Amino acid sequence: MGFWRKLGLFTAALTAAAPAVAVAPGAALAAGPVVTRLPIPIAAGADVVAAGDREFISGGYGTSQIAVADAAGAVVATIDGLPGPTDLALSNDRRTLFAALPAANAVAAFDTGTLTESARYDTGADGGCPAHLALAGRYLWFGYGCQAGAGDIGHIDLRRQPARVTLGLAGDTFFYYAPLVTSALRNPSVLLAGETGTSPSEIHSFTVAGGRLTEVSSTRDLGSNLGDLALDPAGATAFVANGAPYYFPSVPAGDLTAPGLNYEAQPYPLAVEVSRDGGRLVGGINGSYEPDVYFYTIGNPAALSTYEVGQGYRVLDGALAWAPNGRKVYAVTSDVYYQPTTNAQLHVIPAPAG
């Protein structure tokens, strides 16, 4: 399958200084946080997803591994020999891990139990550099584009045997780069896509029918330097992490220009994720002296609690994941951004009950 797999135990190295957790009155927290030094290089494009008993952390552009950790954050295995794994997605039953491989013009699928590669979907030269993934029903959506001005959206129809790749689904919607894509846990008829690396950032909302996209709304008024997008499980509300402004906007997914609620934060937002039950929100920022991770109850713009990842480290763009039971959040942090580092960390953060 073009890779080899190495299983084994790794020593979990904790940071010297304990992370700081601030909790609002009345917010209950579980046991303290755990910080593990990751044994693989981490770069821009890295991602994390949580399957319950395991977490998967991709190395990002220019790397070759996915780290596998247990629920407590201890790294127990790696998947090696991969060409620059970036965005990750899990099947709804959490038995299959999908990994974008933009350097290979492909998306790979792995069994989350055995870690063996079960499929590799070639997106071809015309669908080159698939960098971002979102699973919605039968379709694994991906944002692709190697050259500036060539961004687009495609999908893999997983119910077909063999699976079928379809490209050029953004239609008349223009993306300069490979767009971020995100889907709703319980509503496969909604897809959100965003333009990264631009100021202002551009966000588009689509409905999905018969594997085709119809744009219903777009906006350039929510900020600049898009880091991450999220949808609530019903697909009704979109959440945005832009480098500016210094909060997490939420707006109706069907009308991105309508007024919404702004969840209070600090400079510079770069990650956002909604819990599986739709009741809580977590956001990450690139803070110099401020806490880096913010927890909220949906509907209340004030932070329920905050968490500091440690001086000299930052949460990577989009690198937050809720545990399926909602009791923890996993965050990937790095001491640098644009090139691989061997000083990256996985933080297991207890989540307030709300």
Side-chain angles (χ1 to χ4, degrees), residues 44-47 60-61 84 86-89 98-107 121-136 139-157 165-184 188-209 211-231 235 238-244 249 251 253-257 269-272 317-318:
D47 194 18
Y61 294 104
T86 56
D87 213 19
L88 302 175
F98 300 98
L101 304 175
N105 297 343
V107 176
Y121 308 106
D122 184 6
T123 60
D126 291 339
C129 305
H132 305 290
L133 304 178
L135 183 67
Y139 301 111
L140 179 63
W141 298 91
F142 57 92
Y144 67 91
C146 298
Q147 305 298 324
D152 211 324
I153 298 173
H155 69 49
I156 304 166
D157 187 344
V165 175
T166 303
L167 305 174
L169 294 173
D172 293 333
T173 303
F174 175 79
F175 292 103
Y176 200 73
Y177 303 104
L180 291 178
V181 288
T182 193
S183 57
S189 65
V190 178
L191 189 76
L192 202 64
E195 186 76 87
T196 62
T198 61
S199 181
S201 55
E202 194 165 321
I203 301 168
H204 301 263
S205 178
F206 300 89
T207 56
V208 180
R212 298 292 172 176
L213 297 177
T214 300
E215 183 175 318
V216 295
S217 183
S218 67
T219 184
R220 302 180 71 192
D221 296 331
L222 295 178
S224 59
N225 299 314
L226 179 65
D228 201 10
L229 293 169
L231 284 164
F239 300 85
V240 182
N242 275 311
V251 291
D255 184 0
L256 300 173
T257 64
L270 44 69
V272 66
D317 289 18

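Remember, it's a predicted structure, so these values are computed and weren't measured experimentally.
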Q.
Determine whether a donor-acceptor pair (N or O, by modelled atom type, separation under 3.5 Å) exists between the side chain of E195 and the backbone of Y177.
A. yes
*Note, W141 side chain near T182 side chain (heavy atom, < 4.5 Å)*: no
Those residues at least two apart in sequence (or on a different chain) that pass side-chain hydrogen bond (donor to acceptor under 3.5 Å, both in side chains) with H155 are none
Here the pair of heavy atoms bringing L226 nearest to A241 is CD1-O, 3.6 Å
Is any side-chain heavy atom of T173 less than 4.5 Å from a side-chain heavy atom of F206?
yes
- Query: Are side-chain heavy atoms of T207 and V190 found at a separation under 4.5 Å?
  - Reply: no
*asked:* Under a 3.5 Å threshold, yes or no: a donor from one side chain and an acceptor from the other, between N242 and S224?
replied: no
Inset, instruction - Could you tell me whether the side chain of S183 and the main chain of L135 form a donor-acceptor pair under 3.5 Å? - result: yes
On a heavy-atom basis, the closest approach of P130 and A106 is CG-O, 3.5 Å
d(D172 CG, E215 CD) to nearest 0.5 Å is 9.0 Å
_Can you confirm whether L88 sits close enough to L133 that some side-chain heavy atom of one is under 4.5 Å from a side-chain heavy atom of the other?_
no
### Message
Test side chain to side chain contact (heavy atoms under 4.5 Å, CB included) on L229 and I203; report intermediate values, then the result.
### Response
CA-CA 9 Å; L229 293 169; I203 301 168; 3.9 Å; yes
Sorted by chain and number, sequence neighbours left out, salt bridge (Lys or Arg N to Asp or Glu O under 4.0 Å) with R220 holds for E202
Separation between CG (L213) and NE2 (H204), nearest 0.5 Å, reads 12.0 Å
| Any side-chain heavy-atom pair of Y144 and N105 under 4.5 Å | no
Check: Are I156 and F142 close enough that some pair of their side-chain heavy atoms sits under 4.5 Å apart?
Finding: yes
Any donor and acceptor pair, going by atom type alone, linking the side chain of S201 with main-chain N or O of G223 inside 3.5 Å?
yes
Residues passing the side-chain hydrogen bond (donor to acceptor under 3.5 Å, both in side chains) test with D126, sequence neighbours excluded, are none
Tightest non-hydrogen contact, residues A253 and L231, listed as CB-CD2, 3.9 Å
Rounded to the nearest 0.5 Å, the CG atom of L192 sits from the OG atom of S217 at a distance of 9.5 Å
Evaluate the side chain to side chain contact (heavy atoms under 4.5 Å, CB included) criterion for residues V107 and L140: first the C-alpha distance (whole Å), next the side-chain angles of each, then the deciding distance (0.1 Å), finally the verdict.
CA-CA 10 Å; V107 176; L140 179 63; 3.8 Å; yes
Q. Hey, does I153 have a side-chain heavy atom less than 4.5 Å from the side chain of F175?
A. yes
_Treating T86 as the side-chain partner and A131 as the backbone partner, does any N or O pair qualify as donor plus acceptor under 3.5 Å?_
yes
Smallest heavy-atom separation, V165 atom then T123 atom, equals CG1-CA, 4.3 Å
* D87 (side chain) donor-acceptor with A100 (main chain) under 3.5 angstrom -> no
*Do V240 and V272 have side chains that get closer than 4.5 Å, going by heavy atoms?*
no
Report yes or no: does D157 contribute a side-chain atom to a donor-acceptor pair with the main-chain N or O of Y139 at less than 3.5 Å?
no
message = Tell me whether the rings of Y121 and F98 are parallel (<30°), tilted (30 to 60°) or perpendicular (>60°).
response = tilted
Heavy atoms of P249 and L222 approach each other most closely as CG-O, 4.0 Å
Of all heavy-atom pairs linking L256 and S218, the shortest is CD1-CA, 4.0 Å
